[in-house]
Number of protein chains: 2
Amino acid sequence: MGTKLPKGFTANGIHSGLKKKRKDLSLFFSSELCEFAALFTKNVVKAAPIIVGEDILERSKGLRAVIVNSGNANCMTGDEGIKDAKRMCSITAKALGVKENEVFVSSTGIIGRRMDLTPVEKGMKDLVGGLSVDGFQLAAEGIMTTDKFMKVATAEFKLNGKKVIISGVTKGAGMVKPEMATMLAYILTDASISKSALLNLLKEVNDETFNAITVDGDMSTNDTVVLLANGKAGNRKIESGDSGYLLFKEHLADVMTRLAKMIVEDGEGASRIMDIKVKGAGTKKEARQVAGAIADSLLLKCAVHGGDPNWGRVAAAAGAAGVDFDPDKMEIALDNVVFFRNAKCIVPSKAKRNKVFKGKEVEITVDLHEGQCDARMWASDMTREYIKINSFYST
Amino acid sequence: MGTKLPKGFTANGIHSGLKKKRKDLSLFFSSELCEFAALFTKNVVKAAPIIVGEDILERSKGLRAVIVNSGNANCMTGDEGIKDAKRMCSITAKALGVKENEVFVSSTGIIGRRMDLTPVEKGMKDLVGGLSVDGFQLAAEGIMTTDKFMKVATAEFKLNGKKVIISGVTKGAGMVKPEMATMLAYILTDASISKSALLNLLKEVNDETFNAITVDGDMSTNDTVVLLANGKAGNRKIESGDSGYLLFKEHLADVMTRLAKMIVEDGEGASRIMDIKVKGAGTKKEARQVAGAIADSLLLKCAVHGGDPNWGRVAAAAGAAGVDFDPDKMEIALDNVVFFRNAKCIVPSKAKRNKVFKGKEVEITVDLHEGQCDARMWASDMTREYIKINSFYST
């Protein structure tokens, strides 16, 4: 099911009235104070909750709750927007009986319109009253915008003989690119983890998961990933680099990879997922740069959508990445069929060729043969449906 | 008409058989040896004609002719591709009775397939036989790929009492972004210009025209701009910085701006043109970077297509440009209606708002209020038609 909450956590999601019909307000709550780590968008235009969140990250000793609304991004709303974001924290804190700086806030939706806090105030009693160990799905629904399906994932494993649960929830679906897409993601765990280990874990895993996906190359103003650990599992506290760290990291990566791939799968209008593997780059950064250029090439995304094994567009995108390499050494394979190697095109049999780019998930492998560094990214293809969604999404 | 050739130039375009039906082979010819300058794609994957062209640029004392084919890009074709490109020069040179390194070659079309030179050889006699002072349109047709209309522009003016003509021709239409889009452009003039002045002119004007347009953010492997000057106008030779230089530059900019805008207008599937003006950046480079990020934002391109004044997407795109600025100082206007200023959204009257993004050409102005540097770019919007064209363009 993937909808189980870790020990000590409850959640809920309701329709408060920020949106017309669908759920628009979600709450995650922990019975104990949580250690936490958070990563934010690199966009210089930061939404008010990001500014407030950065402040909470700096000042707060721990979190008890996360409040999230959809329908309004509370972005480009000036000082009033910051006041509104803080007010969301205080309204929530009051209803829960916790401190204001123990509540973390996120928003997603339209940019440039001031938040209407009346529905939040009016809905808060129901939201808190309905908190439940079974409420994870409801909360997952409340953070959705154009998402077609809710995105949750859970891992369960033993750590020093204690059962540990990691539960993650995220939303897509447009404005998704590395350096934090429009995405909100909340990862909850009952493991006991030191603050420094928590931040390392989140950074390391985020680079290979949420920072390795792209839908349309747009970077949002509200992106946020938060990891909360309340320690209720009773394991020996995880510290950076110990054996518990490695085991936890493996399961965290599993949860976050599944969530990241769901975002791509639900990329606005997406019909196929591109799994892009760049090998043999001189540096990790160059490998990521080439993978990113391939992932963001509109022409290639269109070819993938059309089921057309146009490896020339892969070559052109890689060559335009701003990385210096010798194209004669490059090797290009699509769905494991080699199309270019040793400066020569290879014409596969018609039978082989006809199978390329026909599945729901397609594989694009580029080996630069320049060095030892690899990178992997996931991206959605580009369809007329995406254009339709984003051309007529009313402001 | 815009289809007049400068003195001493003839041109022709034919269907040779590289493509099924449409014209696919074009020739520009000068009765005199021309000074010339050329700029090429920055993609590290360079098509064979680019490699050959760079060599000609270095070694040749002057050009007499330019041969261009569409239907095959002669790219990713290894050493054989380079031989084929050179052969195109020698076949042309022989038919014209000029030296091989006086012929410049370009190709556009599909990547990764070896050129079939038989149609070129067979068609050469007709191509040369049909050279005419009225052949500019035919040649313009022969370089088209998915272009919906031919793109030519002419300027005529007096220099030291002598009539000077500048005639330019270009092709789009996908894979268009700064640093040379998929574009081929040939600018012919009968002015007398020194070699060094010619290169300066081309570089300066190119930065503000062909390097200031974007359709889909993809950069091609074959981009080429060539400027040929045969001196037949009889003006006093233009040198860098003299009064003739400035006058010539003004008219060259006029011709190249018109051609660049035609490419955007004919961007694959384009329904509107975005005219993007970034003001008040700290450096020219930063101004260009912000303009480029706005020009390439898929979400914004969709909003423009839908006629939706979604200025929040302008803000988000600018903020993601990788340039540090204070978003509270930013001012955003769409079609001269201000939507954000002094950290506050401004809600225009409904009448005003309803006129925004409704014309064929829309204006997006962002003033960062950080410094004195400006940049201007043109971009097409994004439509379902683009996706259709590029999803089902057969390899």
Side-chain angles (χ1 to χ4, degrees), chain A residues 42-46 73 75-79 110-114 174-175 177 179 216-221 296-299 302-303 305-306 308-313 315-320 323-325 327-328 330 339-340 343-345 382-384 386-395, chain B residues 42-46 73 75-79 110-114 174-175 177 216-221 296-299 302-303 305-306 308-313 315-320 323-328 330 339-340 343-345 382-384 386-395:
Chain A
K42 299 234 171 86
N43 199 311
V44 301
V45 178
K46 291 180 203 305
C75 180
M76 307 286 289
T77 44
D79 289 342
I110 193 82
I111 294 176
R113 194 174 295 167
R114 211 179 148 189
M175 257 201 196
K177 85 165 260 165
E179 301 312 338
D216 54 14
D218 280 277
M219 186 202 291
S220 129
T221 50
D296 275 336
S297 164
L298 254 186
L299 280 172
C302 287
H305 173 50
D308 174 10
N310 193 329
W311 61 271
R313 290 183 182 172
V323 172
D324 195 28
F325 63 86
D328 285 349
M330 175 166 50
F339 281 82
F340 188 81
K344 278 204 166 45
C345 318
M382 186 49 61
T383 67
R384 281 167 278 189
Y386 174 94
I387 307 296
K388 192 176 157 194
I389 293 169
N390 286 296
S391 298
F392 307 103
Y393 175 90
S394 170
T395 56
Chain B
K42 298 234 170 87
N43 198 310
V44 300
V45 179
K46 291 180 202 305
C75 179
M76 306 287 288
T77 43
D79 290 341
I110 192 82
I111 293 176
R113 195 174 295 167
R114 211 179 146 189
M175 255 200 196
K177 85 167 260 164
D216 53 15
D218 279 278
M219 187 201 291
S220 129
T221 51
D296 276 335
S297 164
L298 254 185
L299 281 173
C302 287
H305 173 50
D308 174 11
N310 194 328
W311 62 271
R313 291 183 183 173
V323 172
D324 195 29
F325 63 87
D326 179 356
D328 285 350
M330 176 165 52
F339 281 82
F340 188 82
K344 278 205 166 47
C345 317
M382 186 50 61
T383 66
R384 282 167 278 190
Y386 174 94
I387 307 295
K388 191 176 157 195
I389 293 168
N390 287 296
S391 298
F392 307 103
Y393 174 89
S394 170
T395 57

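Looking at B/Phe325, the atoms closer than 4.5 Å to chain A (heavy atoms on both sides) sit in the backbone and in the side chain alike.
Note that SG of A/Cys345 and CE of B/Met76 are 7.0 Å apart. Values are rounded to the nearest 0.5 Å.
The two residues B/Val45 and A/Pro327 make their nearest non-hydrogen contact at CG2-CB, 4.0 Å. The minimum heavy-atom distance between A/Ala316 and B/Ile111, with the atom names listed, is CB-CD1, 4.2 Å.
Across A/Ala315, A/Ala73, A/Ala318, the residue that shares the most heavy-atom pairs under 4.5 angstrom with chain B is A/Ala315. Options B/Gly112, B/Ala343, B/Gly78 differ in how many heavy-atom pairs under 4.5 Å they form with chain A, and the most are formed by B/Gly112.
Applying the 6.0 Å contact sphere to CG of B/Asp79 captures no more than 12 heavy atoms from other residues, nucleotides or ligands. For B/Asp328, the CG atom sits in a packed shell: over 12 heavy atoms of surrounding residues, nucleotides or ligands are nearer than 6.0 Å.
Two residues are said to be in side-chain contact when any heavy atoms from C-beta on lie closer than 4.5 Å; B/Val44 and A/Asp324 meet this criterion.
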